[in-house]
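This is a predicted model, so every value here is computed, not measured.
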Amino acid sequence: MNRSRLAPGAGIVTAPGDRPVLRTSEGEFLRIDTGHVGPGELVDRLTEGEGQASSAELDRLIEAFEEAGHAVTEPRRPPLTGRTVHLLGDPVLTEPLARFAAAEGAEVHPVTADDLAGLAGRRDTAVVWCLDSPVPEGLWDEADRLPARHTAWLRCHREGAHAWTEPLASAPGDVTAAHVRLRRLAATAAHRELAAYWAGHRTPDTGPHPTEPAAALIAALLIADLIAWASGGPHRGSGLPARRRLRRIDLRDLTVTEHPVLPVPEVAPLPAPTARTAP
């Protein structure tokens, strides 16, 4: 029989002369009513202590910890266990991302743009494409079709001194790269200039390219989105869900700002002009 242990991030704090307190993984402090159970017995049962004390009251107390999620019997599984992550793009960003994804339990594979069509429809699979440059027109069109077949799609790119991580898309109706472009064009008065910039009508790139710390930060933010996708919910501690969050990372000082972004609904085409009969 597996013994219960405190859940990762949880701990028991004993202030001098006071009853033990549980510090939850969320940082809350909760007083523990141990009843007739000695605090040392409880701590021994929930840690690596040598105590083997057992009683019906102690067993009920341990069960209450388990039901509340403050104690576990199984070792923690990495959050991306059972998920496959396919990576493509520039190594300065994909290499740290590959290391982080593997450390979190994912099966990681490098792919090329030609492989994307064969990945569509694979559930528990994410495609992540990272560019150390603006996105050429049409480059992400094929990948934008992945969420319609329930394959997750995540991406990042750099424009000058800013890197952008776009919302993770994993289901029909999620935010695609095309949606982000339309939203960004609609949000700026310089929409003609921004469109020209994306189309390549610009001077040669002068950087700054991501440094090792910057690349690690970008990779960590993308991993947070993948964990949220794998868990089926928003990542803890974030104000916006991964599927509606556009981030901008300033590569000069590593500040991160978040912006909400929604899908762009499809609209019917304008009706064809009606031929007019000359009087």
Name all residues meeting the side-chain hydrogen bond (donor to acceptor under 3.5 Å, both in side chains) criterion together with [X]; count only those two or more places apart in sequence or in a different chain, and write none if there are none.
X	answer
T203	none
D90	none
E63	none
R31	D18

- [ ] Could you pull out all residues at least two apart from R244 that satisfy salt bridge (charged side-chain N to carboxylate O under 4.0 Å, His left out)?
- [x]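 Partners of R244 by the salt bridge (charged side-chain N to carboxylate O under 4.0 Å, His left out) criterion, ordered by chain and then number, come out as D174.
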
Are the side chain of [X] and the backbone N or O of [Y] linked by a donor-acceptor pair below 3.5 Å?
X	Y	value
D144	A177	yes
S231	I227	yes
R60	I62	no
E142	A113	no
R155	P167	yes
E67	A64	no
T94	L87	no
T24	E28	yes

For residues [X] and [Y], report the shortest heavy-atom separation together with the two atoms involved.
X	Y	value
L254	A214	CD2-CB, 3.6 Å
P8	S25	O-CB, 3.5 Å
P263	P265	O-CD, 3.6 Å

*asked:* Quick check on the hydrophobic clustering: are L61 and V43 connected, directly or via other members, by side-chain heavy-atom contacts under 4.5 Å?
replied: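 Yes; V43 is reachable from L61 via cluster members.
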
Linked hydrophobic residues, [X] as query - side chain contacts closer than 4.5 Å:
X	result
L146	L88, V111, L116, L119, V127, W129, L131, V135, L139, W140, W153
L246	W164, V175, V180, V261
F29	V13, V21

Mind checking the [atom1]-[atom2] spacing from [X] to [Y]? Nearest 0.5 Å is all I need.
X	Y	atom1	atom2	result
L168	D225	CG	CG	6.0 Å
R192	L194	CZ	CG	12.5 Å
E107	T81	CD	OG1	11.5 Å
T34	E41	OG1	CD	9.0 Å
T165	I249	OG1	CD1	4.5 Å

Checklist entry - Does anything in residues 244-264 pair up under ring-ring contact (aromatic ring centres under 6.0 Å, His included), and if so which pairs, sequence neighbours excluded? => result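 Non-adjacent pairs meeting ring-ring contact (aromatic ring centres under 6.0 Å, His included): zero.
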
Q. How would you list all residue pairs meeting ring-ring contact (aromatic ring centres under 6.0 Å, His included) that involve residues 166-203, not counting sequence neighbours?
A.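 Sorted pair list comes back empty.
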
* To do: Output yes when E159 and R248 qualify as a salt bridge under the 4.0 Å nitrogen-oxygen rule, no when they do not.
  =>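 R248 and E159: not salt-bridged.
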
For H86, give me all partners under ring-ring contact (aromatic ring centres under 6.0 Å, His included), at least two apart in sequence or on another chain.
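Scan of H86 (ring-ring contact (aromatic ring centres under 6.0 Å, His included), adjacent residues dropped) gives H109.
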
Can you spot which of D205, T206, T211 makes a side chain to side chain contact (heavy atoms under 4.5 Å, CB included) with H209?
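Only one of D205, T206, T211 forms a side chain to side chain contact (heavy atoms under 4.5 Å, CB included) with H209, namely D205.
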
Once side-chain hydrogen bond (donor to acceptor under 3.5 Å, both in side chains) is applied, what residue pairs with a partner in residues 112-126 remain, sequence neighbours excluded?
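Qualifying pairs: R83-D124, T112-D115.
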
